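Lettering follows sequence order; numbering is per chain, from 1. Quantities reported herein were computed from a predicted structural model and do not represent experimental measurements.
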Protein chains: 2
Amino acid sequence: MIDDEATRSNVIEAADRLFYSRGIQAVGMDAVRNEAGISLKKLYSAFGSKDVLLNEVLHYRGRQWDDGIAAASAAARTPRDKLLAIYDFLNGWFRQDDFRGCAFINSFGELGSISPEIAKAAREQKSSFQRYVSSLVAEAGGPPSLAAQLAILAEGAQTTAAISGTPDAAAHARAAAVTLIDAALPVSGAA
Amino acid sequence: MIDDEATRSNVIEAADRLFYSRGIQAVGMDAVRNEAGISLKKLYSAFGSKDVLLNEVLHYRGRQWDDGIAAASAAARTPRDKLLAIYDFLNGWFRQDDFRGCAFINSFGELGSISPEIAKAAREQKSSFQRYVSSLVAEAGGPPSLAAQLAILAEGAQTTAAISGTPDAAAHARAAAVTLIDAALPVSGAA
DNA sequence: TACACTAGAGAACGTTCGTTCTCAGCGCAA
DNA sequence: TTGCGCTGAGAACGAACGTTCTCTAGTGTA
């Protein structure tokens, strides 16, 4: 079918909305079917099981994150500004109505202990982000430990914003990042 | 009964072990009953429902956390050292075999969106921790923003350690905390 | 018109889970 | 001994869920 791909992404986006907003186990395949507007038969012929669907949803989320970070850093010139753009991206995300924390952290907390696939997906997503931060830090001439610290700030901001219900953590994390970067890099951007 | 209180804490500790290691929805009341070694009838007469039990388990977890932080900071003299003791406490925790991240973050990710009670418990736990950090920072003469930054580091270390499966995040967070404290406090501990 | 084929709607099935109910056994007062 | 209340073990119940099956309506084709 021509719309095979369209059907798949339609289902993935629908499932993502539901899983992210209500949790994975709390959302039945029937709800996914309703949200996507297709039949159960088609749903199961496109994705063999809920596990398979969930895996694709997590990969979709990962791409969304990567795209968001890339877009946010596009306007920044220096590696330092690209690093700080991460926290600006978080700030915008935290302010969205449907923000409910990091989907990978949530999924890991819900099913990481009983589903190796989910644990692996979360681990890969986080290590991919750490590699991204590391490459920017290296480009800026900073030590690897700075990358780990900046990544921890980003993770902490996400859980803090989710649980507290306020976006303040983004600004706090950004300020901390500025301090850490300035302390670690010999010459900051001060003209 | 004399052992009423003993029964309750026995059940709470058993449920805590199971909920923490496998997740909440993945653990049935039957498993709790087996782990606690009591009858279903007694389980339900002591706690009216799984929700009630979960609530008590979360409060128990909160006390455990408070006690752990208090014990870790007991040896420290200055507010600065008490702040850093937080990350030493995390370091020891991350190295335990059964470490699976912060129970409140996990519970929030799993059920926070559909259970206001759990969302509230997580929010209260985190804000209690932030008050603790804030009081130490104030005692040390630091600005409130430093407290927020240090708390974000602690949260980020917990999720990073859980998902990555290594305890390294504790040391990274501690190093970042040292940098942030030294930058925010006029006079550091340098004799 | 007759016929194969497809697809959608939802019934059905088997399992799991939270919670309640039943029943047999036991201690105990009279 | 007899009756009574309590307790534990687990059966039972109703709901929800993942997954499969059935039935029906429609469509294109000869």
Side-chain angles (χ1 to χ4, degrees), chain A residues 1-12 14-58 106-107 109-118 121, chain B residues 1-12 14-58 106-107 109-118 121:
Chain A
M1 304 277 172
I2 297 179
D3 54 356
D4 203 37
E5 203 62 27
T7 297
R8 291 184 67 86
S9 53
N10 172 37
V11 172
I12 288 174
D16 176 59
R17 281 192 297 273
L18 295 177
F19 289 161
Y20 181 64
S21 66
R22 300 190 217 158
I24 297 161
Q25 294 176 93
V27 171
M29 291 295 269
D30 221 55
V32 173
R33 181 199 88 156
N34 280 342
E35 179 85 5
I38 69 172
S39 73
L40 259 188
K41 181 188 276 185
K42 204 160 193 171
L43 174 53
Y44 272 93
S45 77
F47 307 88
S49 71
K50 191 180 183 181
D51 285 342
V52 171
L53 173 58
L54 173 58
N55 234 297
E56 301 226 21
V57 167
L58 289 178
N106 293 346
S107 303
E110 178 173 357
L111 293 169
S113 62
I114 55 181
S115 163
E117 300 238 333
I118 292 180
Chain B
M1 304 279 170
I2 297 178
D3 54 357
D4 204 37
E5 203 63 27
T7 297
R8 290 183 68 85
S9 52
N10 172 37
V11 171
I12 289 174
D16 176 58
R17 282 192 297 273
L18 295 177
F19 289 162
Y20 181 64
S21 66
R22 298 189 219 160
I24 297 161
Q25 295 176 93
V27 171
M29 291 296 269
D30 221 55
V32 173
R33 179 199 89 156
N34 280 342
E35 179 85 4
I38 69 172
S39 73
L40 259 187
K41 181 188 273 184
K42 203 160 195 172
L43 175 53
Y44 271 93
S45 77
F47 307 87
S49 71
K50 190 181 183 181
D51 285 342
V52 171
L53 173 58
L54 173 57
N55 235 296
E56 302 226 20
V57 166
L58 289 179
N106 292 347
S107 303
E110 179 172 358
L111 293 169
S113 61
I114 54 180
S115 163
E117 301 238 332
I118 292 181

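Considering CG of A/Leu40 and NZ of A/Lys42, their distance stands at 13.0 Å, rounded to 0.5 Å.
For B/Arg8 (side chain) and B/Ala46 (main-chain N/O), a donor-acceptor pair under 3.5 Å exists by modelled atom type. Checked by atom type and distance alone, the side chain of B/Glu110 pairs as donor or acceptor with a backbone atom of B/Gln25 at under 3.5 Å. When atom types are taken as modelled, the side chain of B/Asp16 and the backbone of B/Val57 share no donor-acceptor pair closer than 3.5 angstrom.
Here C/dA9 presents its C1' atom at 14 Å from CG of A/Leu43, a figure rounded to the nearest Å. Going from atom CG of A/Leu40 over to atom P of D/dT20 covers 11 Å, rounded to whole Å. Rounded to whole Å, atom C1' of C/dT19 lies 16 Å from atom CZ of B/Phe47.
One can find a donor-acceptor pair under 3.5 Å joining the base of D/dG8 and the side-chain atoms of B/Lys41.
The salt bridge (charged side-chain N to carboxylate O under 4.0 Å, His left out) contacts involving residues 23-37 of chain B comprise B/Arg17-B/Glu35, where partners must be two or more places apart or lie in separate chains.
Of the residues near DNA chain D, A/Gly48 and B/Ile38, the one whose nearest nucleotide (by heavy atom distance) lies more toward the 5' end is B/Ile38.
Under the rule for a side chain to side chain contact (heavy atoms under 4.5 Å, CB included), the partners of B/Ser9 that lie at least two apart in sequence or sit in another chain are B/Glu13.
OP1 or OP2 of D/dG8 lies within a sub-4.0 Å distance of a side-chain N or O belonging to B/Lys42.
Near DNA chain D, meaning a heavy atom under 4.0 Å from it, residues 25-35 of chain B has B/Arg33 in order of number.
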